[in-house]
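Working notes, beginning with the structure itself.
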Number of protein chains: 2
Amino acid sequence: MPLEETTITLPKAEIPRTWYNVLPDLPEPLEPYLTPDGKPVRPEMLSAIFPTSLIEQELSPQRHFDIPEAVVEALSRWRPTPLTRAAALEKALGVRSKIWFKNESGSPSGSHKSNTAMAQAYYNKKAGIKRLATETGAGQWGTALSIAGRAFGLDVRVYMVRISLVQKPGRKTVMNLMGAEVISSPSDLTEAGRKAKAADPDNLGSLGLAISEAVEDAAGRSDTNYSLGSVLNHVLLHQTVIGQEIKKQLAAAGVSPDYLIGCHGGGSNFGGMAVPFVPEIKDGARITLIAAEPESCPSLTRGKFTHDYGDVAGLTPLLPMYTLGKDFQPPAIHAGGLRYHGASPIVSSLVKSGMVKPEAIGGPELFRFASLFARTEYIIPAPESAHALAAACMKALELEQAGKPGNIVFVLSGHGLLDLAAYEDFINTY
Amino acid sequence: MPLEETTITLPKAEIPRTWYNVLPDLPEPLEPYLTPDGKPVRPEMLSAIFPTSLIEQELSPQRHFDIPEAVVEALSRWRPTPLTRAAALEKALGVRSKIWFKNESGSPSGSHKSNTAMAQAYYNKKAGIKRLATETGAGQWGTALSIAGRAFGLDVRVYMVRISLVQKPGRKTVMNLMGAEVISSPSDLTEAGRKAKAADPDNLGSLGLAISEAVEDAAGRSDTNYSLGSVLNHVLLHQTVIGQEIKKQLAAAGVSPDYLIGCHGGGSNFGGMAVPFVPEIKDGARITLIAAEPESCPSLTRGKFTHDYGDVAGLTPLLPMYTLGKDFQPPAIHAGGLRYHGASPIVSSLVKSGMVKPEAIGGPELFRFASLFARTEYIIPAPESAHALAAACMKALELEQAGKPGNIVFVLSGHGLLDLAAYEDFINTY
């Protein structure tokens, strides 16, 4: 089939101009964030580490936020991103379902993380901040914030989960090349890091621990703010450009989606894809939202819905979310971006009210589908994105067996060119 | 400035439908290829390793070749490629010249090599061939042919220059993932490889030696052909999609180019960019064509124009070209794709007749400009492409000093995400 029909691109003029805030449209209102003594967090309590503008976005009932012109300009370096029909993958699977993927891998960082990184850097710069501290798991968020810091003139320090640094040294090179400082976490630079190392000198690190280090760093310096790549409401808000574009693209292709699938770690790419569809699902649209998380870190499918800290040291507010407990030590899987004990409060709320279906994905199938995608679509998926891809393939096969082909859309949140050790392991094992 | 004005994209319908053959338009006719006894090579002599269709393209006086529909379809997965104004780079350099880059890094292999790989796989498949043998320096060509083999149903064996395999193990992973076999060269599988290892067990390999191994492999099996990623006329022919698209894009932007710059190893990306402009240059257009080669492997600037073998073992015909001698052992620079003793006969002819200006580029400036590009345009260039980029930056600075800004176009032949060791070395050294 001609490629015009398989790749839906949008002109630059169609970049979304507003972010969509799902808070007023959630089936159940979001429970408040809590302080350790159980009282609701007041906005000003967050101002030691976030600019006022982002705190406002975090807690606002306002349905739409204008995207600042400078952020639109930054996003327009790579957005709108293509929505592509994976026709060769469908053929290889032998399914009649149509599989589309929203390709976020063409961004400066190679993943969807750049969408919120640019916005966060912009607002921090505007607030007079000179320096950002953050954590990174797989390295995608750290890369995105390093580039965004460069774009808006901010210094960036990244606490990178130790096991990820070992698995993908190239990520550090990229961040250094962009001018950022990269610290192996747990480090000796923070109380949280020193404590973790004292308890276990071989600590491989985790996202939750790296968050503690970055928050402690930011809280201790007035010129520094903290920047988070997932979980929080304002991060999902910035990622709604993904879902908004998908809507336009599906409409242009005349396609009604049956399944929308994203991988889930902290929830930002899944949420950014899914929440713009919430109003129409509430109005009766038959769309199934699937959050694909790793079997080995199953917050949504095996976690408990409660208030829990977002980090290991307990420096963040208590968030209403599905969690495996802040002390859960995830195994050293290659999908470092999904090694998180908790989940986005918004996604948790949608799971709790039944609007999002979580699925745990794992085993050799994961990389088998990822390899099939690489061999048919010629793009190597990030191990994180492979979870969404595998869920999409399994859904297509299931629908085929049931004789009911449908329209499946998944987010390819990033490419895996800096995650090749994962594929090398797979090739050597199977 | 709005991005509409800085990135010129073409619709899928504008993919070139013919390849342009410069042979009839060269200022001086190309000298014949010779056998070891000094007689002109007859087409049938090449049929042990190439299909008839490609031999015809190699030696034909025909000005245009239709691109087969299946190849157009394969190319349309990523073509036309964007022509982007490097406005942020210009600003960082402080120049008034406009710098545009033709971005070939978005192809399945991450480089321009996919353009000819798809064509060569198509013609070999059509000729009933089951298996292709080839060499790779940096790994870009091997990756491209692995994917093309997958696309058209051919097995692929890649002899990879040993030093490149050590420098970038990720390249092997990608080729394996695509189903290709990767052999470290020199190997024990060929006479040429065994001889080289006997002479020097620590031989780091070279493109010329890996070519010998692949040619020997292909010549010895009737189901196998040889496939070359550069140098030869039919390879440059397939790469003319680059120059043809640039022409259309510059016309769409209303820009008259003053300088067209490509990096030069075997000559395929440079030639593919440059030759479509030869007719108008002959008609008086004031366009300077610059071939940027590495100081450490300076075939065009320091080599001798003569007939020489394309490989170390002397298995190829003698080609009329600039050469450092087939036994030249290039140093282990990171730009593995440029470590070649010879040059394309077409580019050599254009250099000899004064239509192409070669420039040797090297030293820390190379990666300094590459890093500047990464920090401003958010794309990490392949070390090969960095030569073109550095030449473009130096030209812009030179024009600035002379008070005569102009329009500079260079080809970003590939991204450097699988070449990060080169950047890591640079960061640690400077």
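Note that the structure is a prediction, hence the values are computed from the model and not measured. Note on naming: letters A, B, ... go to the chains in the order of the sequence lines (proteins, then strands), and numbering restarts at 1 for each one.
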Exercise for the section: Would you sort out whether A:L418 and B:L420 count as a side chain to side chain contact (heavy atoms under 4.5 Å, CB included), showing the intermediate values? Expected result: CA-CA 9 Å; A:L418 298 176; B:L420 290 173; 3.3 Å; yes

Handout entry: Residues from residues 143-157 of chain B approaching chain A under 4.5 Å (heavy atoms)
Key =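 B:I147, B:R150, B:A151, listed by number.
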
Practice task
Anything in residues 167-177 of chain B with a heavy-atom distance to chain A below 4.5 Å? Please list those residues in order.
Solution key: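 Expected list: B:G170, B:T173, B:V174, B:N176, B:L177.
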
Exercise for the section: Taking the side chain as every heavy atom from C-beta outward, state whether B:R77 and A:T7 have any pair of such atoms under 4.5 Å apart. Expected result: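 Contact flag for B:R77/A:T7 side chains = no.
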
Handout entry: Proximity breakdown for B:I427 and chain A, heavy-atom pairs closer than 4.5 Å
Key =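 When you check distances to chain A, only side chain atoms of B:I427 fall under 4.5 Å.
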
Fill in the blank from the handout: Looking only at B:V72, B:T84, B:L417, most heavy-atom pairs under 4.5 Å shared with chain A are made by B:L417

Handout entry: Results of side chain to side chain donor-acceptor pair (under 3.5 Å) for B:K102 - residues two or more places apart only
Key =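 B:K102 satisfies side chain to side chain donor-acceptor pair (under 3.5 Å) with B:T81, B:E245, B:Q249 only.
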
Problem - Close contacts, residues 367-378 of chain A versus chain B, judged by heavy atoms under 4.5 Å - result: A:S371, A:A374, A:R375, A:T376, A:E377, A:Y378

